[in-house]
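Numbered from 1 within each chain, the chains take letters A, B, ... in sequence-line order.
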Amino acid sequence: MTFKIVLDEARRILEKAVVELGVPRVQYNFSKPPSDQLGDLSSNVAFIIAKTSGGRPGEWAERIASKADLSSSIYFTGVTAHPGGYVNFHLNMKNFAEFTLKNVLSDGRYGLPQAEPKQRISVEHTSVNPAHPLHIGHLRNVVLGDSLVRLLRASGHQVYVLNYIDDTGLQVAVALLGILELGLSPEPMKGTKADHHVGEIYVEANRKVESDPALQEKRRRISQQLERNQEPTATAAKNIVDRVVRAQLETCWRIGAEYDLLNFESQILKTGLWDKVFERLKEKGVAKLAKDGKFDGCWIMEGGDENEEEKVLVRSDGTTVYAAKDIPYAAWKLGMLEDPFRYGVFAEHHGKKLWATSDSGNPNPPERFNVVQRTISVIGVEQSRPQKFVKAALLALSPRGSGYHHLAYGKVALSPKTAKQIESGISSEGPVSMKGRTGMYVTADDAMDALKIKAAAETKKRNPEASPEWVEDISESIAVGALRYELIKQDLNKPIVFDMDEALRLEGDTGPYLMYSYARARSVLRKSGSFDMQNMNTTPPSDLEPSEKNLILAISKTELELEEALKYLSPRVVANHAYSLAMSFNLFYEKCPIMTAPDVALRDWRLLLTDCFSIVLARIMDIIGVPHPESI
RNA sequence: GGGCCCGUGGCCAAGUACGGAUCAAGGCGUCAGCCUGCGGAGCUGAAGACCGUGGGUUCAAAUCCCACCGGGCCCGCCA
């Protein structure tokens, strides 16, 4: 927050100078000068004025700087003009540092954005088919969604986390086929998780189905029975799905994600939501019956743009296509329909109830899950086109449809090397895409286990005296931190090529770097004894070292960075800021002795700075879900 | 063929929304250094980039516009 105050002050000074010069007001912005010598903050206002009023930017900068009135300024010591045209502000670092530290100590949510207005928002993520374990591609979805939820909540929004379970789809039908028709055992071996076991059945069954028309017919029948909720298939499916979902949840919880509601596809079908929505789509003229052409007999929806092809919603045989099934669920999410579901407790985690739609539940929702202004669905980019139709259908039903947001992300593929480790026959030059159907994937559990083993070895090496329980605990945290960071630090639309060896890195731009920096700061603070940080002197005793200044600036920019992350729904921005903050601290640590500072006043002030850094870094790490133990 | 996205040193990548300044972050890898000093999962230094190509707009382009090239995804009465 503190940096914002500085921006406001700079703006006031500039506005006043501009008015005095008698030129019209313009839109301009601020940036960081390339070097500290030039200043701490620069504005392009002179460039803009030169454009509208003529003249050279350098001259305007000179005029503005000479008119700058710093008489009542608390945070600036000077305003200078650069011949190139920039107007540069020089911070009174002593005042600014004091102000920043004071704020960190007194404001329990320093650095967090203030959502205005506060909204009710639901976020759907994970939504993995209950027929196999999560692989690292799914994990990208989970970690993005969960980090987004944390960011929204930290900003003051009320957020519900939804996880959609497609328990009637073809994938469950195939797994069931493996058990019912091919005699594959539904019971996992000891030590095997149910999702991994069913995943193997799923692969095996798929292999057989592919070359056998009779099995394909059986698969279709099972699938149909699932959609129509026919016994005994429905109950058999329910058993399998329940076990797989619980096993998948273990993985999700392990990585730090939590949910409020599981919504089962079977429940959506049962409530007849589709029929209601379909009626309304017909009334509004969005769904049209094709009378001829290649979609003769189908209900279709027009494409958004002129040259986009229409989309089939209902086939000529009366069945509904996959994308269309998303519409009623999305309409429910935004409260366009009466809530038809019954709710029961599916599980409890960390003392919090996880609800699920179910037959036997209570018709009164425990929370108003579908009374929200916005709903965000974390879904891969490959679904962008169908998602566009969902949004268009919602907008046709109600203006509230504008609250529907598809957060798209690129997929995760395997490096050729890692793919080869799974299946030696693979000979690919480029990335290999993961497929649940063929078993070509690295599971989230395996990736985490491998990371944990590596982390445990490193942790033991550095802490030879530590208890096995502690090492176990810490290496688990490191595995989580490393994997989460790895999956969100890059651009959303870029595909990630996952390489196992690469992912095992614990140095450089990684989650453990953040954890190490935090632990290092905490270690110093522990050794310093019992200071009363709240009552220490926030005024720097002497001029600041460049690395101290740098760290103060990094701390002070936290709110601006998180606001940007919030605006663009981009956890990556949070991760990047955490990294640069940690880097600033490590630089400070290297250059400025803390405990052995030349005098007591300076030592105490640096301890305070260290404390403030650790407070803010921990807060940011919480948003991206990277754990921050006191030592690692 | 049409639509969306991406192209920055050997590799990965920030910066692109809001165009600006003498060095275009950072990481991996390579080379050379720093623990008898608060944690070496760290830090310092070196080498390495005509920001895919070509045009355009502008006083100013990695950033905006156009074309092209290369890569990914999508374009089913599959899910």
Side-chain angles (χ1 to χ4, degrees), chain A residues 27-31 33-35 37-38 42 44 47 50-51 56-57 82-86 88 129 166 169-171 173 223 290 294-300 303 305 307-309 311-323 325 380-386 388 408 410-411 413 430-431 433 455 458-459 461-463 478 482 489-497 499 502 505-510 512-517 519-528 564 567-568 572-573 576 579-580 582-583 586-587 589-597 603 606-607 610 631-632:
Chain A
Q27 288 282 324
Y28 55 90
N29 55 36
F30 292 100
S31 60
S35 102
Q37 268 69 46
L38 294 169
S42 52
N44 66 348
F47 291 104
K51 186 162 221 153
R56 292 220 338 269
H82 187 274
Y86 277 95
N88 292 323
N129 274 304
D166 183 3
L170 207 60
Q171 313 217 18
S223 176
K294 66 174 177 174
F295 296 133
D296 186 18
C298 298
W299 288 87
I300 57 168
D305 317 322
N307 48 5
E308 189 164 17
E309 199 173 337
K311 174 96 192 144
V312 171
L313 299 175
V314 176
R315 303 183 189 100
S316 50
D317 67 0
T319 56
T320 311
V321 305
Y322 171 81
K325 290 184 194 168
V381 274
E382 66 278 4
Q383 302 256 33
S384 292
R385 191 176 129 88
K388 233 171 89 185
K411 69 155 119 188
S433 45
E458 295 294 317
T459 307
K461 203 160 69 193
R462 284 156 232 255
N463 304 275
I478 291 173
K489 80 171 178 197
Q490 54 232 75
D491 200 294
L492 273 181
N493 346 322
K494 284 186 188 171
I496 293 180
V497 176
D499 183 86
E502 185 72 12
R505 269 183 35 231
L506 305 175
E507 288 158 14
D509 184 6
T510 65
Y513 178 88
L514 303 181
M515 301 174 74
Y516 174 76
S517 308
R520 205 180 203 190
R522 299 302 302 171
S523 168
V524 176
L525 292 167
R526 263 195 312 279
K527 290 198 171 130
S528 72
E564 179 157 314
K567 186 168 165 196
Y568 299 110
R572 188 195 74 219
V573 174
N576 287 171
Y579 182 64
S580 70
M583 213 152 61
N586 280 318
L587 194 66
Y589 180 92
E590 205 68 26
K591 299 271 180 193
C592 300
I594 304 169
M595 297 297 288
T596 53
R603 181 197 65 187
R606 283 180 177 165
L607 278 170
T610 303
S631 52
I632 66 173

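Rounded to a whole Å, the OH atom of A:Tyr579 is 12 Å from the C1' atom of B:C43. Rounded to whole Å, atom P of B:C18 lies 7 Å from atom OH of A:Tyr568. A straight line from NZ of A:Lys494 to P of B:C4 spans 19 Å, rounded to a whole angstrom. In this entry the distance linking CG of A:Leu587 with C1' of B:C43 reads 8 Å, nearest Å. In this entry the distance linking CD1 of A:Ile496 with C1' of B:C6 reads 14 Å, nearest Å. Nucleotide B:C43 holds its P atom 8 Å from the CE atom of A:Met583, rounded to whole Å. Computed from coordinates, the A:Glu590 CD to B:G33 P distance equals 18 Å when rounded to whole Å. Atom P of nucleotide B:G20 and atom OH of A:Tyr28 are separated by 17 Å, given to the nearest angstrom.
Applying the 5.5 angstrom centroid cut-off and the 30 degree plane-angle cut-off, the aromatic ring of A:Tyr86 is stacked upon the base of B:A21. A distance cut-off of 5.5 Å between ring centres, combined with a plane angle under 30°, leaves A:Phe47 outside any stacking arrangement with the base of B:A60.
In this structure, A:Ser42 contributes its side chain and A:Ser31 its backbone to a donor-acceptor pair below 3.5 Å. Between the side chain of A:Arg522 and the main chain of A:Ser631, no donor-acceptor pair closer than 3.5 Å is present. No donor-acceptor distance shorter than 3.5 angstrom exists from the side chain of A:Ser523 to the backbone of A:Ala519, with no hydrogens or angles considered. Judged purely by atom type and a 3.5 angstrom limit, A:Lys311 has no side-chain atom pairing as donor or acceptor with the backbone of A:Ala323.
One donor-acceptor pair, N or O on each side, does fall under 3.5 Å between the base of B:A21 and the side chain of A:Asn88. Put simply, the side chain of A:Ser580 and the base of B:A14 share no donor and acceptor less than 3.5 Å apart. Put simply, the side chain of A:Ser384 and the base of B:C74 share no donor and acceptor less than 3.5 Å apart. Interface remark: the A:Asn493 side chain does not form any donor-acceptor pair with the B:C5 base, using a distance-only criterion of under 3.5 Å.
When heavy atoms are screened at a 4.0 angstrom cut-off, A:Lys294 is found touching base atoms of the nucleic acid. No contact: A:Asn129 has no heavy atom under 4.0 Å from any strand. Using a 4.0 Å heavy-atom criterion, one finds that A:Pro33 contacts the bases of the nucleic acid, with or without backbone contacts as well. No engagement by A:Lys325 is indicated, since no non-hydrogen atom pair under 4.0 Å with the nucleic acid exists. Residue-level contact check: A:Ala519 touches the bases, meaning some heavy atom is under 4.0 Å from a base atom. Across all strands shown, A:Ser316 has heavy atoms under 4.0 Å from base atoms, whether or not it also approaches the sugar-phosphate. Within the 4.0 angstrom heavy-atom criterion, no nucleotide atom of any strand lies near A:Ile300. If you check every strand for non-hydrogen atoms under 4.0 Å, A:Arg572 touches sugar and phosphate atoms only. Using a 4.0 Å heavy-atom cutoff across all strands shown, A:Ser528 reaches no nucleic acid atom at all. At the heavy-atom level, A:Ser631 lies under 4.0 Å from base atoms of the strands shown. At a threshold of 4.0 angstrom between heavy atoms, the contacts of A:Gly84 with the nucleic acid are absent.
Salt bridge status for A:Glu458 with A:Lys461: present, with a side-chain N to carboxylate O gap under 4.0 Å.
Of the side-chain N and O atoms in A:Arg315, one or more sit less than 4.0 angstrom from OP1 or OP2 of B:C78. Between A:Tyr513 and B:C43, a side-chain N or O to OP1/OP2 separation shorter than 4.0 Å is present.
Here, B:U8 and B:C64 have their P atoms 16 Å apart, quoted to the whole Å. The separation of B:C43 from B:G29, taken at their P atoms, amounts to 13 Å, rounded to a whole angstrom. B:C77 and B:C66 have their C1' atoms separated by 40 Å, with the value rounded to a whole Å. With both ends at atom C1', the span from B:G9 to B:G26 equals 13 Å, rounded to whole Å. For the P atoms, the distance from B:C73 to B:U22 is 42 Å, rounded to whole Å. On the C1' atoms, B:A25 is 16 Å away from B:U63, given to the nearest whole Å. The gap from the C1' atom of B:C5 to that of B:G10 amounts to 26 Å, rounded to the nearest Å. Going from the P atom of B:A62 to that of B:G56 covers 15 Å, rounded to whole Å.
Side-chain contact between A:Arg606 and A:Pro593 is present, with at least one heavy-atom pair separated by less than 4.5 Å. Residues A:His82 and A:Asn88 are in side-chain contact: their nearest non-hydrogen atoms beyond the backbone lie under 4.5 Å apart.
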Q) A:Leu525 and A:Leu607: side-chain contact (heavy atoms from CB on, under 4.5 Å), yes or no, with the steps? A) CA-CA 7 Å; A:Leu525 292 167; A:Leu607 278 170; 4.0 Å; yes
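Here the nucleotide nearest the side chain of A:Ser42, chosen from B:A79, B:A21, B:C75, is B:A21. Side-chain atoms of A:Gln490 lie closest to B:A13 of the nucleotides B:A21, B:A13, B:C74. In this structure, the nucleotide among B:G20, B:A79, B:G40 sitting nearest to the side chain of A:Asp166 is B:A79. Closest to the A:Leu38 side chain, of the nucleotides B:C43, B:U22, B:C77, is B:U22. Checked against B:A14, B:C78, B:G40, the side chain of A:Arg520 finds its nearest nucleotide in B:G40.
Along RNA chain B, the nucleotide closest to A:Pro593 and the one closest to A:Ser31 are compared, and the more 5′ of them pairs with A:Ser31. Place A:Arg505 and A:Ser517 on RNA chain B by their nearest nucleotides, and A:Arg505 ends up nearer the 5' end.
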Q: For RNA chain B, produce a single dot-bracket line, 5' to 3'. Pairs: Watson-Crick or G-U wobble, both distances under 3.5 Å. Symbols: ( ) within strand, [ ] crossing, | other strand, . unpaired.
A: (((((((..(((.......[.....))).(((((.......))))).....(((((..]....))))))))))))....
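B:C50 shows a glycosidic angle more than 90° from 0 and is accordingly assigned anti.
The residue from A:Ile478, A:Thr459, A:Ile632 that alone fulfils the side-chain contact (heavy atoms from CB on, under 4.5 Å) condition with A:Leu506 is A:Ile478.
Nearest heavy-atom pair, A:Ser517 versus A:Asn586, reported as atom, atom and distance to 0.1 Å: OG-ND2, 3.0 Å.
Between A:Phe47 and A:Tyr86, the ring planes are perpendicular. Angles over 60° get that label, and only those under 30° would be called parallel.
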